[in-house]
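Contents: one structure, followed by commentary.
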Amino acid sequence: MKQTSIFRSHAVRSLFYLALPLAGAVFFSGCSDDDDPVKEDVPELITTVELTFTPVGGGTAVKATATDPDGEGTDELKADGPIALKTGTVYTLDLKLYNGLLPETDEEYDVTKEVEEENDEHMFFFSWTANLFANPTGDGNIDNRENPVVYADLDENGLPVGLTTTWATKDGSSSNGAFRVVLKHQPDLKSATSGYNTGETDVDVSFVINVAE
C-alpha cells in the first residue's frame, strides 16, 4: 500500500441477496436502507506533511516539510533538509497534513481536520536514533507501543493521537540522527494496546535531525 494514503468512506451500505422464484432459483442483489453502514478502507491522498517544532517559552519555530509532488504516482513522500534543533530546549511538535491543490480554489486541502474529527481511528507513532532526546528517552514506540512518547493530545476515548507532542533535547550535548513519523489508520481497532502493526499505514516519512548549541 502506498504510504501516503489516508481515510476511508463511511457511507458504504451492505449488500444482500433476495431469492425470487424464477425458473428454478435465481438470485438478485439489492440494497437495504435499514442496514447499518460498514467501514471500508478507501484511501485518500496526502501530498504534504509539515512538522513545526516550537520552543516552549518562546523562540523561533523550526519547520520541516515532506512532499509527494506526483500524487498517486510512483514517488513517495520526500523530506527536505535536516531539522536543526538547539540543545537543552523543550519543543512542542505540531503536525499538519495536506492533500494536493484543489482545482476550484488552487489551495491545499487540510487533511489535519479529518484526523481531528476521526481521532478515535488515528494514531501517530514515532521512532528516532537512540538518545537523540532527553525526553522522551529511548528510540520510539514504532517497535514497541509501550515505549515512551509524550503525547499532548488525546482522542474521545482518552487514547493518544499525536498531532501534538513534546520533545526535550539534551543539555550541552550535540547529536544527530533519524526521526520517523508514521500515521496509522485503525477504525474499530484502536485501543490502549494497538500498535504500529495494527491497521493501515497512511503516512510514513523520515527526517534527519541535528541538535547543536
Side-chain angles (χ1 to χ4, degrees), residues 1-13 36-54 60-83 91-127 141-142 149 151-167 178-190 194 196 198-209:
M1 177 179 176
K2 195 170 185 293
Q3 293 173 336
T4 54
S5 60
I6 187 173
F7 296 105
R8 285 80 180 150
S9 168
H10 298 279
V12 178
R13 296 186 179 277
D36 293 330
V38 177
K39 292 181 184 288
E40 184 179 275
D41 288 341
V42 178
E44 186 173 351
L45 182 66
I46 283 183
T47 58
T48 304
V49 178
E50 290 184 356
L51 282 65
T52 302
F53 287 86
T54 304
T60 303
V62 178
K63 295 187 177 183
T65 304
T67 58
D68 178 16
D70 74 340
E72 294 182 348
T74 57
D75 291 344
E76 298 176 353
L77 284 168
K78 295 181 179 179
D80 58 14
I83 301 170
Y91 292 91
T92 297
L93 170 59
D94 292 302
L95 293 171
K96 295 288 186 182
L97 311 171
Y98 298 96
N99 179 355
L101 294 177
L102 301 179
E104 62 271 21
T105 62
D106 197 34
E107 294 180 356
E108 287 184 315
Y109 175 67
D110 188 355
V111 184
T112 316
K113 296 178 181 178
E114 303 289 345
V115 176
E116 292 171 341
E117 292 173 357
E118 300 177 356
N119 56 24
D120 62 323
E121 299 180 2
H122 296 90
M123 182 172 173
F124 285 90
F125 292 84
F126 303 86
S127 70
N141 64 351
I142 287 180
V149 171
Y151 292 92
D153 55 347
L154 302 176
D155 68 15
E156 60 188 47
N157 299 313
L159 298 175
V161 180
L163 285 169
T164 303
T165 48
T166 302
W167 307 84
F179 185 73
R180 183 181 175 194
V181 179
V182 176
L183 173 62
K184 301 295 292 192
H185 185 224
Q186 302 174 332
D188 297 326
L189 298 171
K190 185 178 179 182
S194 59
Y196 168 79
T198 303
E200 297 290 335
T201 300
D202 291 334
V203 166
D204 190 340
V205 60
S206 294
F207 296 82
V208 172
I209 286 186

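Side-chain N or O atoms of Gln186 include one that pairs as donor or acceptor with a backbone N or O of Thr198 at under 3.5 Å.
The minimum heavy-atom distance between Phe207 and Ala64, with the atom names listed, is CE2-CB, 3.9 Å. Among all heavy-atom pairs drawn from Tyr151 and Pro160, the shortest one is CG-CB, 3.4 Å. Pairing each heavy atom of Val205 with each of Ala79, the nearest pair is CG2-CB, 4.4 Å.
Residues Leu93 and Phe124 have side chains not in contact (no heavy-atom distance under 4.5 Å, counting atoms from C-beta outward). Looking at Asp202 and Val115, their side chains never come closer than 4.5 Å, going by heavy atoms from C-beta outward. The side-chain heavy atoms of Val49 and Val181, taken from C-beta on, include no pair separated by under 4.5 Å.
A distance of 8.0 Å separates OG1 in Thr164 from CD in Glu116, rounded to the nearest 0.5 Å. Here OG1 of Thr67 is found 13.0 Å from CD1 of Ile46. Values are rounded to the nearest 0.5 Å. To the nearest 0.5 Å, atoms CG (Leu183) and CZ (Phe125) are separated by 9.5 Å. In this structure, CD on Glu121 lies 13.0 Å from CD on Glu200, to the nearest 0.5 angstrom. The OH atom of Tyr91 lies 13.5 Å from the CH2 atom of Trp167; values are rounded to the nearest 0.5 Å. Between the OG1 atom in Thr112 and the CG atom in Leu97 there is a gap of 4.5 Å [rounded to 0.5 Å].
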- prompt: Does the pair Leu51 and Leu95 meet the rule for a side-chain contact (heavy atoms from CB on, under 4.5 Å), with working shown?
  reply: CA-CA 5 Å; Leu51 282 65; Leu95 293 171; 3.4 Å; yes

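When each of Thr60, Thr92, Val62, Thr165 is paired with Phe53, the side chain to side chain contact (heavy atoms under 4.5 Å, CB included) condition holds for Val62 and for no other.
Every residue was checked against the side chain to side chain donor-acceptor pair (under 3.5 Å) condition with Ser127, not counting sequence neighbours, and none meets it. Scored by the side chain to side chain contact (heavy atoms under 4.5 Å, CB included) test, Lys63 finds Thr52 as partners (sequence neighbours excluded). Residues satisfying the salt bridge (charged side-chain N to carboxylate O under 4.0 Å, His left out) test with Asp94, not counting sequence neighbours, are none. For Thr65, there are no side chain to side chain donor-acceptor pair (under 3.5 Å) partners at least two apart in sequence or on another chain. By the side chain to side chain donor-acceptor pair (under 3.5 Å) test, Asp80 is found to be paired with no residue, residues two or more places apart in sequence or in another chain being considered. Under the rule for a side chain to side chain donor-acceptor pair (under 3.5 Å), Tyr98 has no partner lying at least two apart in sequence or in another chain.
Evaluation of the side chain to side chain donor-acceptor pair (under 3.5 Å) test over residues 152-161, restricted to residues two or more places apart or in two chains, returns Asp155-Lys190.
Thr201 and Lys184 are linked by a side-chain donor-acceptor pair at a separation below 3.5 angstrom, with hydrogens and angles left out of the test.
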